[in-house]
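Have a look at the structure below before the remarks.
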Number of protein chains: 4
Amino acid sequence: METATRTSTRRRRPVRRKPSGIAIERRQDLRDAAVRSIAKHGYAGVTVSMICEEAGFSRGLIGHYFKGKDDLLLEAIRAMSMDVARANQAAVRAAGKDPRDRLHAVVRSSFSPPGFSADQVAVWVALVGSARWSPSLRAIYRDLWRGYRAGISKLMRQAAEQRGIAIDAELAALSFSQLIEGFWVGWAADPVAVDRARAEKACHLLVDMLLSPAVGPQAGD
Amino acid sequence: METATRTSTRRRRPVRRKPSGIAIERRQDLRDAAVRSIAKHGYAGVTVSMICEEAGFSRGLIGHYFKGKDDLLLEAIRAMSMDVARANQAAVRAAGKDPRDRLHAVVRSSFSPPGFSADQVAVWVALVGSARWSPSLRAIYRDLWRGYRAGISKLMRQAAEQRGIAIDAELAALSFSQLIEGFWVGWAADPVAVDRARAEKACHLLVDMLLSPAVGPQAGD
Amino acid sequence: METATRTSTRRRRPVRRKPSGIAIERRQDLRDAAVRSIAKHGYAGVTVSMICEEAGFSRGLIGHYFKGKDDLLLEAIRAMSMDVARANQAAVRAAGKDPRDRLHAVVRSSFSPPGFSADQVAVWVALVGSARWSPSLRAIYRDLWRGYRAGISKLMRQAAEQRGIAIDAELAALSFSQLIEGFWVGWAADPVAVDRARAEKACHLLVDMLLSPAVGPQAGD
Amino acid sequence: METATRTSTRRRRPVRRKPSGIAIERRQDLRDAAVRSIAKHGYAGVTVSMICEEAGFSRGLIGHYFKGKDDLLLEAIRAMSMDVARANQAAVRAAGKDPRDRLHAVVRSSFSPPGFSADQVAVWVALVGSARWSPSLRAIYRDLWRGYRAGISKLMRQAAEQRGIAIDAELAALSFSQLIEGFWVGWAADPVAVDRARAEKACHLLVDMLLSPAVGPQAGD
DNA sequence: AATGAATGAGTCTTCATTCAT
DNA sequence: AATGAATGAAGACTCATTCAT
């Protein structure tokens with residue numbers, strides 16, 4: 001229904017705004033439930049009821065912690081993205097200083113927990129399959145990949161320099177990121193044909209090939 | 001080749017011919033309109049109204065030619081898939097006998113019309129983003145890729161034999177297919193970062209790397 | 001849910017837009033049902049279900065003929081307003097040329113059908129009680145009264161000139177309009193205390209008093 | 001006089017005193033906040049959250065002091081009505097003994113503080129616009145007007161006797177009350193067209209006209 | 001064969017109320 | 001006494017499907 005414009009006068013200071021601990025917890029509960037629900041039913045198939053049931057709360061609760069369904073879904077996907085990104089970063093740091101080792105660490109991280117799980121891949125595929133038609137999802141998607149590729153690109157450049165070869169690091173990073181993404185979406189839809197272990201192996205191989213002298217993407221091609 | 005977009009020149013309400021001919025044509029009209037609608041609004045965002053309006057018919061018409069919305073959408077995606085497959089096959093045949101040439105021809109075909117168009121990629125992404133949660137879509141997806149990979153695998157084996165190298169042709173085919181799919185979904189969501197020409201270049205490069213002695217996936221690794 | 005922006009390409013001409021007779025009829029049905037429903041339950045108390053049931057249709061029908069509940073309610077109130085205005089105009093025309101006769105005719109028209117009915121007064125009161133908080137309703141309200149007062153003001157001026165007295169015609173018209181409105185809202189809430197016949201009598205009397213020499217609102221006071 | 005708006009200076013969370021005193025004060029706080037909220041959002045648009053926020057308390061507090069939302073709203077409107085009535089009574093008393101002076105004092109009181117304020121008029125209009133559909137509101141409305149008219153009627157009779165003219169005092173009082181109410185609702189929805197000062201002037205004029213010999217409502221007409 | 005009118009199920013959202021702390 | 005977390009009912013809206021013309 002149409003609402004009048006707020007002609008605010010004499011409003012007292014709004015009652016507390018600080019997310020009060022429990023609020024943070026509930027938002028987290030709902031985000032997690034949303035991730036699981038998206039994984040189970042797809043981005044379009046998920047309903048508020050499903051999420052709340054999954055979280056163990058009543059339907060109306062969502063309104064207390066999120067502006068609406070979209071807001072929650074977006075936050076859930078953002079959180080999942082950040083989890084994946086964090087897992088990669090941790091893997092990189094744990095791999096030592098060598099750029100080539102770090103690249104292989106990213107590959108491993110991309111196909112094993114905590115950066116890779118059935119739910120995470122499913123939500124990622126849901127994101128992929130919706131980003132084209134939703135500006136907000138698209139923004140999440142782009143930001144994540146662009147940052148990711150920048151990191152990979154840097155590692156590629158370092159690894160190439162170290163080995164004394166000249167490569168198109170950006171193109172290498174693009175191949176790297178898209179091969180992983182290709183395996184993710186392929187695995188989500190057909191985990192039999194797109195075996196996880198073989199996918200990882202193929203990615204390791206790609207790194208090796210890209211960093212082989214006179215074989216990888218020559219700078220200035 | 002018959003692409004979905006080619007039909008855009010079809011006139012509304014064509015003059016009547018044989019009843020059966022009309023039926024075939026109507027189904028075709030609706031399928032094409034469905035493809036365009038999915039490309040425009042996403043798989044979940046498309047409505048019967050949109051499709052019928054896009055096709056130039058009234059809402060109720062769909063019931064005369066399809067069991068329902070899902071039936072139409074499935075057919076539309078199936079048709080799109082077959083168009084893409086046909087384009088690849090034609091490209092392969094046109095490339096001559098050499099298996100390596102044929103692989104490069106598939107790459108070219110994967111990033112240029114008639115096997116590659118904005119609508120086709122969009123619908124493909126819609127398929128990818130829904131296949132996990134729809135048995136029917138999953139079946140379409142799997143059948144297509146499995147057949148595709150079988151063909152690529154065969155070409156990989158032939159090319160390797162020809163060059164006297166031993167490779168894991170299945171793994172090579174898997175990498176090939178998933179890199180292309182990775183580029184497709186990346187391009188759909190971020191065509192700026194995932195440039196079409198560079199994507200194609202990266203795929204050509206992958207073929208070359210895979211078929212390089214002592215670099216590609218060694219059989220028995 | 002979030003929807004993508006419409007990237008229209010190749011859209012065919014939309015299928016017919018002409019309100020097809022039956023559409024006009026249904027809109028009318030729904031408008032009438034809305035007026036009755038508002039009269040029965042108040043502006044805020046009315047629901048889409050009530051209106052559709054009152055009209056004898058299913059809940060979903062409203063979406064075919066109106067943008068939504070607000071749209072329908074607005075149209076209904078607008079239509080009611082115009083009915084009242086038309087009734088007044090007809091009464092004025094039927095009253096002959098004399099401006100004083102015409103003013104009395106407006107009074108009569110304001111308290112007898114077709115310009116006055118329980119439903120019309122109820123809807124008017126609903127409008128009065130919501131206009132302050134709804135820009136759209138306010139616009140309807142203002143337009144109607146301003147036009148109304150302009151007409152009354154003109155008649156007042158003519159009647160005064162005819163009788164050779166100088167009055168503040170605008171103030172007279174304002175008094176006239178607000179006395180009638182006061183009686184309407186009073187009658188709606190307490191028809192026993194605010195008797196229709198006595199209300200009409202009081203309004204006739206106001207006209208006479210306003211047009212009495214040396215008693216009414218002197219111009220330039 | 002106690003007006004609804006005067007309370008706006010009350011501090012949030014006053015220091016505790018006697019339990020009963022606190023309870024009285026809380027009820028008062030909530031009543032005042034309800035009046036302001038109704039004025040701001042309309043009778044139907046007001047929510048418990050709004051009122052509690054306006055009062056500076058948490059949502060749940062209302063349950064401690066009122067049976068529910070309706071109970072609070074009713075009390076708030078009742079309080080506002082009584083404020084207005086009290087303002088009129090005070091004005092009458094302050095005007096001296098002359099009945100005609102007293103009537104003019106009521107007019108003045110009806111268009112100036114503390115009997116007239118934007119919030120009070122707004123809440124009054126909310127009452128007018130809901131009374132027809134709510135037995136409780138209707139009762140408040142009727143009681144108030146009936147008492148009011150009885151007082152005006154008495155003054156009218158006295159003033160007429162004093163001046164030696166015979167009038168229909170009830171009808172005069174009805175005109176008086178409904179003209180004022182008409183101006184109130186008109187001013188609420190269109191304060192530009194229904195100017196406060198001109199409204200007051202028109203009401204003073206009505207009193208004079210009603211009390212003019214051979215012009216006003218003759219007893220026995 | 002084609003239309004578009006009508007239906008009703010499904011979903012999101014709002015919000016008064018309850019209640020444990 | 002006060003808070004705000006949680007519930008669940010109610011209502012608006014969308015849209016696939018049916019069907020009379």
Side-chain angles (χ1 to χ4, degrees), chain A residues 1 3 15-16 19-23 25-26 44-52 55-72, chain B residues 13 16 19 22-23 26 45-52 56-73, chain C residues 1 3 15-16 19-23 25-26 44-52 55-72, chain D residues 13 16 19 22-23 26 45-52 56-73:
Chain A
M1 293 293 314
T3 69
V15 211
R16 276 208 235 166
S20 58
I22 190 131
E25 202 177 315
R26 281 295 163 278
V46 80
T47 71
V48 169
S49 289
M50 283 173 193
I51 297 172
C52 289
F57 296 107
S58 73
R59 269 201 308 291
L61 197 76
I62 186 184
H64 291 302
Y65 298 104
F66 293 91
K67 269 195 315 188
K69 185 192 178 187
D70 274 20
D71 188 36
L72 169 54
Chain B
R13 227 63 81 65
R16 311 196 160 215
I22 287 192
R26 286 286 173 281
V46 81
T47 70
V48 169
S49 288
M50 283 172 192
I51 298 172
C52 289
F57 297 111
S58 76
R59 256 204 309 296
L61 197 80
I62 187 184
H64 291 296
Y65 296 105
F66 293 90
K67 270 196 307 185
K69 183 194 180 186
D70 286 358
D71 189 36
L72 168 54
L73 253 40
Chain C
M1 293 293 315
T3 67
V15 211
R16 273 207 239 165
S20 58
I22 191 132
E25 202 178 315
R26 281 295 162 278
V46 80
T47 70
V48 169
S49 289
M50 283 172 192
I51 298 173
C52 289
F57 295 106
S58 73
R59 272 199 308 291
L61 197 76
I62 188 184
H64 291 302
Y65 298 104
F66 293 91
K67 268 195 314 187
K69 186 194 178 186
D70 274 20
D71 189 35
L72 169 53
Chain D
R13 227 64 78 68
R16 308 194 164 218
I22 288 192
R26 286 285 173 281
V46 82
T47 70
V48 169
S49 288
M50 283 173 193
I51 298 172
C52 289
F57 298 111
S58 74
R59 254 206 308 297
L61 196 80
I62 187 185
H64 291 296
Y65 298 104
F66 294 90
K67 271 195 307 185
K69 183 193 181 187
D70 286 359
D71 189 35
L72 168 54
L73 254 39

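Protein chains get the first letters and strands the later ones, always in sequence-line order, with residue 1 at the start of each.
Among all heavy-atom pairs drawn from Val46(A) and Lys69(A), the shortest one is O-NZ, 2.9 Å. Nearest heavy atoms, Ile62(D) versus Cys52(D): CB-SG, 4.3 Å. Across every non-hydrogen atom of Gly45(D) and Met50(D), the tightest pair is O-CE, 3.3 Å.
In the set dA2(F), dA6(F), dA2(E), the nucleotide with an atom closest to the side chain of Ile22(D) is dA2(F). The side chain of Ser58(D) approaches dT3(F) more closely than any other nucleotide in the set dA1(E), dT3(F), dG4(E).
Using a 4.5 Å cut-off on side-chain heavy atoms (C-beta onward), Ile51(A) and Leu72(A) make contact.
Distance CZ/Arg26(B) to NE2/His64(B): 11.0 Å, rounded to 0.5 Å. Atoms OH and CD, on Tyr65(A) and Glu25(A) in that order, are 9.5 Å from each other to the nearest 0.5 Å.
Between the C1' atom of dT14(E) and the OH atom of Tyr65(A) lies a distance of 16 Å, rounded to the nearest Å. Taking atom CD of residue Glu25(A) and atom P of nucleotide dA5(F), one finds them 11 Å apart after rounding to whole Å. Regarding Arg26(D), its CZ atom lies at a distance of 8 Å from the C1' atom of dA1(F), rounded to whole Å.
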B/S/- contact track for nucleotides 15-21 of chain E, protein heavy atom under 4.0 Å: BSS----

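Counting non-hydrogen atoms under 4.0 angstrom, Phe66(A) reaches nothing in the nucleic acid.
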Dot-bracket encoding per residue of DNA chain F, Watson-Crick/G-U cut-off under 3.5 Å, | denoting interstrand: .||||||||||||||||||||

